[in-house]
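Per chain, numbering begins at 1; letters A, B, ... match sequence-line order. Remember, it's a predicted structure, so these values are computed and weren't measured experimentally.
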Amino acid sequence: MPELPEVETIVRGLNKQVINCFITEVKIYYKNLIISNCKQFEKEIKNRQIIKISRHGKYIFIHLSKDKIIVIHLRMTGQLFTKEKNEKPDKHTHLELVFKRKKIKVIYRDIRKFGRFELISSNDYDQYLFNKNLASDALVIKPNDFYQKVVKKKKAIKAVLLDQHIIAGIGNIYADEILFREKISPVFLSSDLTKIQGYSLLKRIKKVLNNAILKKGTTFSDYVNSYGEKGQFQLVLQAYKQEGKPCVFCKTPIVRSKVAGRSTFFCPECQK
DNA sequence: CTGTTTACCTGGGGGC
DNA sequence: TGCCCCCAGGTAAACA
């Protein structure tokens, strides 16, 4: 579900909704959600205040008072949104954060249970990203850093865009949309990319992702923002899930195939 | 080392 | 209705 634009939308919303909130209660309904000790996680975040919420690639960081950070990854179907305090959790709700003197609570819901929560110390933030070998965020990465990393690889350009060690934040939907709009084949060999092409591709990446943020993300089935609302970018998709529909440039039907083990949609005429 | 496949989970949709 | 199979926005571990 959530790629960079969806995660960014959630983070912006939470920054408006729960900043300075004081955590009074932590309810965990699915133990494996928490990496490491559940009880300790609960004990450690109770009675701390939310200072701010940030993002790097698809990771969410909830910065707490007294130098702790909750790290969240939503994976495929994770949802992070607010609800009225008195609403009952359903079978897919795995965690709730309740606040002092607030009518809303934050709930984590995840049908496929791939998402994870983790607690780290603020001091360990840089080390955490380093250990994950997480690349620079797609909206921040410098053109030359991006290009050098891409040409060093020797695989399909789509696989490279999906690789969070090269550029962080792009997933299957936006990889297809970016390559379609840039008119590059998803199987184009990354090591063959020229510097001009690489710089142009990065500009396209930022343009597509920023546009998607303006539309508050893409909803196919599960994604909702922190207010529980769907995104709007699915209304302007040009490649992803558009199999059989005419290409907006040349009218050739969009084709579906498999690249990097993922469903891939492209125009066989424009993307050679 | 590099690149590719599989496992983790649940639910929806199509074919029969 | 029901069963079986395939598919799904992501990542890390296992494999070749």
Side-chain angles (χ1 to χ4, degrees), chain A residues 1-10 29-36 55-60 71-81 90-95 108-118 128-135 137-138 149-180 186-192 208-209 212-213 215-225 230-237 239-244 256-265:
Chain A
M1 145 194 155
E3 305 180 32
L4 187 151
E6 291 75 34
V7 174
E8 176 66 21
T9 305
I10 290 168
Y29 304 110
Y30 177 59
K31 295 263 179 286
N32 291 345
L33 175 67
I34 316 293
I35 295 174
S36 85
R55 175 192 68 73
H56 185 124
K58 303 170 195 172
Y59 285 84
I60 297 169
V71 184
I72 303 170
H73 199 298
L74 306 171
R75 296 287 184 100
M76 296 281 261
T77 52
Q79 302 172 319
L80 200 58
F81 58 99
D90 73 352
K91 64 184 279 206
H92 298 302
T93 298
H94 307 313
L95 178 143
Y108 180 75
R109 197 171 170 275
D110 188 349
I111 291 172
R112 291 175 73 181
K113 298 180 172 173
F114 288 167
R116 290 293 178 269
F117 278 53
E118 190 170 2
Y128 183 85
L129 297 185
F130 181 83
N131 290 346
K132 292 256 178 229
N133 193 14
L134 193 61
D137 186 83
K149 282 192 156 189
V150 170
V151 287
K152 219 165 57 185
K153 290 285 173 181
K154 204 167 180 173
K155 53 183 182 181
I157 189 71
K158 171 160 179 178
V160 170
L161 293 187
L162 291 175
D163 189 339
Q164 306 299 303
H165 308 308
I166 293 169
I167 180 169
I170 301 169
N172 204 33
I173 296 176
Y174 296 108
D176 280 4
E177 289 301 308
I178 288 160
L179 291 172
F180 174 80
V187 294
F188 185 91
L189 198 62
S190 59
S191 53
D192 289 343
V208 170
L209 295 177
I213 291 169
K215 299 271 185 192
K216 301 187 194 306
T218 304
T219 298
F220 267 106
S221 52
D222 302 302
Y223 166 70
V224 291
N225 65 23
K230 295 180 173 185
Q232 296 297 313
F233 197 75
Q234 67 277 13
L235 304 174
V236 296
L237 289 177
Y240 185 78
K241 284 277 170 85
Q242 305 302 304
E243 185 180 14
R256 173 184 183 147
S257 70
K258 205 140 224 173
V259 177
R262 316 291 301 275
S263 271
T264 298
F265 301 84

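Under the 6.0 Å cut-off for aromatic ring centres, A:F220 and A:Y240 qualify, their centroids lying closer than that.
Counting to the nearest Å, the C1' atom of C:dA13 and the CD1 atom of A:I35 are 14 Å from each other. The CG-P distance, from A:D176 to C:dG10, rounds to 11 Å in whole Å. In this structure, A:D222 atom CG and C:dA8 atom P are separated by 14 Å, rounded to whole Å. In this entry the distance linking NE2 of A:H165 with C1' of B:dC1 reads 14 Å, nearest Å. Atom OH in A:Y30 sits roughly 7 Å away from atom C1' in B:dC9 (whole-Å rounding). Summarising the geometry, the separation between CE on A:M76 and C1' on B:dG12 is reported as 14 Å, rounded to the nearest angstrom. For the pair A:L189 CG and B:dT2 P, the computed distance is 15 Å after rounding to whole Å. The CG atom of A:D110 sits 11 Å away from the C1' atom of B:dC8 (whole-angstrom rounding).
Spacing of P atoms, C:dC7 relative to B:dT5, comes out at 14 Å, to the nearest Å. Using P as the reference atom, B:dC9 and C:dA14 are 15 Å apart when rounded to the nearest Å.
Remark: A:Q164 is not in phosphate contact with C:dG10, judged by side-chain N or O atoms under 4.0 Å from OP1 or OP2. Taking only side-chain nitrogens and oxygens, A:K113 never comes nearer than 4.0 Å to OP1 or OP2 of B:dC8. Regarding contacts with the backbone of B:dC9, every side-chain N or O of A:K91 stays at 4.0 angstrom or more from both OP1 and OP2.
With hydrogens and angles ignored, the 3.5 Å screen pairs no side-chain donor or acceptor of A:E8 with any backbone N or O of A:K58.
When distances are taken from the side chain of A:R75 to each of C:dA12, C:dA8, B:dC9, the shortest belongs to C:dA12. Nearest to the side-chain atoms of A:H73 among the listed nucleotides B:dG3, B:dC9, C:dT11 stands C:dT11. In the set C:dA8, C:dG10, B:dC9, the nucleotide with an atom closest to the side chain of A:Y240 is C:dA8. In this structure, of B:dG3, C:dT11, B:dG11, it is B:dG3 that holds the atom nearest to the side chain of A:K155. When the nucleotides C:dA8, B:dG11, C:dA12 are ranked by their closest atom to the side chain of A:S263, C:dA8 comes out on top. In the set C:dA8, C:dT11, C:dA12, C:dT11 carries the atom at the smallest distance from any side-chain atom of A:K58. The side chain of A:H92 approaches B:dT10 more closely than any other nucleotide in the set C:dG10, C:dA8, B:dT10.
Heavy atoms of A:K132 sit under 4.0 angstrom from primed sugar atoms or phosphate atoms, though from no base atom. Residue A:G261 is out of contact with every strand shown, counting any heavy-atom pair closer than 4.0 Å. A:Y59 comes within 4.0 angstrom of sugar-phosphate atoms only, judged by non-hydrogen atoms across all strands, and of no base. Within 4.0 Å of A:K152, counting heavy atoms only, lies no atom of the nucleic acid at all. At a threshold of 4.0 angstrom between heavy atoms, the contacts of A:R116 with the nucleic acid are absent.
Taking 4.5 Å as the limit, every side-chain heavy atom of A:E118 sits out of range of all side-chain heavy atoms of A:S36. Proximity of A:I10 to A:Q79: side-chain heavy atoms (C-beta onward) are nowhere separated by under 4.5 Å.
Between A:E6 and A:Y174, the side chains place a donor N or O and an acceptor N or O closer than 3.5 Å (distance only, hydrogens not considered).
Base-pair partner of C:dA12: B:dT6 (Watson-Crick or G-U wobble, both distances under 3.5 Å).
The residues A:D137 and A:R55 are annotated as salt-bridged, a charged nitrogen and a carboxylate oxygen being separated by less than 4.0 angstrom. Between A:D163 and A:K149 no salt bridge is recorded (no basic side-chain N to carboxylate O distance below 4.0 Å).
C:dG10 has A:F114 stacked on its base ring, the centres lying under 5.5 angstrom apart and the planes within 30 degrees of parallel.
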